[in-house]
Amino acid sequence: MRFTFPKAEHLCLKNDVAALFESGTAFVSFPYRVVVRKVEKDPVPAKILIISQKKKLKRAVWRVHLRRQIREAYRLNKAPLFEFLAEQNYSVHVAFMSVDSKLSDQKFMHEKMALTIKKIINKLKE
């Protein structure tokens with residue numbers, strides 16, 4: 001598997017984002033709040049939305065840095081999710097939001113992303 005995050009994996013459409021937050025399943029896996037929604041089979045197994053809240057991090061530089069950290073952690077840890085979804089007859093839309101009010105180091109973010117992806121897989125199995 002290639003560790004990339006192409007544009008096709010970005011959740012961009014307004015209708016898809018609205019549907020995700022209206023009918024998705026949400027849970028907290030510190031430092032992330034995750035919303036997951038199953039959708040019909042798509043060539044891309046998972047589409048991702050990354051959100052950093054102005055309420056939590058006041059400076060734009062910090063929010064951009066946080067989004068980059070989350071994107072990098074997801075990019076390197078997405079393989080188990082894609083392997084699971086390859087066997088399924090659906091795709092998923094996922095939103096990652098930070099619930100922490102401070103920046104964390106990259107190692108911490110990677111460890112927590114790996115755990116979060118395992119939780120997403122468990123939620124999808126239910």
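Atom CD1 in Ile51 sits 11.0 Å away from atom CZ in Phe96 (nearest 0.5 Å). Here Leu85 contributes atom CG and Ile120 contributes atom CD1; the two are 9.5 Å apart, rounded to the nearest 0.5 Å. Distance check, rounded to the nearest 0.5 Å: CG of Leu103 to CZ of Arg59 gives 12.0 Å. Distance CG/Asp100 to CE/Met109: 8.0 Å, rounded to 0.5 Å. Expressed to the nearest 0.5 Å, how far OG1 of Thr116 lies from CZ of Phe27 amounts to 6.5 Å. Between Lys118 atom NZ and Asn77 atom CG the span is 9.5 Å, to the nearest 0.5 Å.
Linking Ile, Leu, Val, Met, Phe, Trp and Tyr residues whenever their side-chain heavy atoms come within less than 4.5 Å leaves Val35 and Val92 in two separate clusters. Ile48 and Phe82 fall within the same hydrophobic cluster, defined by Ile, Leu, Val, Met, Phe, Trp and Tyr side-chain heavy atoms under 4.5 Å apart, directly or through other members. Leu11 and Tyr90 fall into different hydrophobic clusters, where Ile, Leu, Val, Met, Phe, Trp and Tyr are joined by side-chain heavy atoms under 4.5 Å apart, directly or via other members. Under a hydrophobic-cluster definition in which Ile, Leu, Val, Met, Phe, Trp and Tyr are linked whenever side-chain heavy atoms come within less than 4.5 Å, directly or via other members, Val17 and Val39 are assigned to different clusters. With hydrophobic clusters built from ILVMFWY side chains whose heavy atoms lie under 4.5 angstrom apart, Tyr32 shares a cluster with Phe5.
Within a 6.0 Å sphere centred on NZ of Lys41, heavy atoms belonging to other residues, nucleotides or ligands number more than 12.
The shortest non-hydrogen separation linking Arg33 to Ala26 is NH2-CB, 3.6 Å. Summarising the geometry of Lys47 relative to Ala8, their closest heavy-atom pair is CE-O, 3.4 Å, with the distance given to 0.1 Å.
A 4.5 Å side-chain heavy-atom check between Arg37 and Ser23 finds at least one atom pair inside the cut-off. Within the 4.5 Å cutoff, no side-chain heavy atoms of Gln88 are placed close to those of Pro45. Proximity of Ile70 to Met113: side-chain heavy atoms (C-beta onward) are separated by under 4.5 Å at one or more points.
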CA sep, side-chain torsions, deciding dist, call: Lys123, Val36, side-chain contact (heavy atoms from CB on, under 4.5 Å): CA-CA 9 Å; Lys123 288 278 185 189; Val36 181; 5.8 Å; no

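Put simply, the side chain of Tyr74 never gets that close to the backbone of Ile117: no donor and acceptor are under 3.5 Å apart. Judged by distance alone, the side chain of Lys78 and the main-chain N or O of Thr4 form a donor-acceptor pair under 3.5 Å. Ser52 places no side-chain N or O within donor-acceptor distance of the main-chain N or O of Leu66, the cut-off being under 3.5 Å. The main-chain N or O of Ala60 is never found under 3.5 Å from a side-chain atom of Lys54 such that the two would form a donor-acceptor pair. Within the 3.5 Å criterion, the main-chain N or O of Ser104 finds a donor-acceptor partner in the side chain of Gln69. Remark: side-chain polar atoms of Arg63 are paired, donor with acceptor, to backbone N or O of Leu57 under 3.5 angstrom.
Partners of Asp16 under the salt bridge (charged side-chain N to carboxylate O under 4.0 Å, His left out) rule, at least two apart in sequence or in another chain, do not exist in this structure. Annotation: side chain to side chain contact (heavy atoms under 4.5 Å, CB included) contacts of Leu76 (sequence neighbours excluded): Phe3, Glu72, His110.
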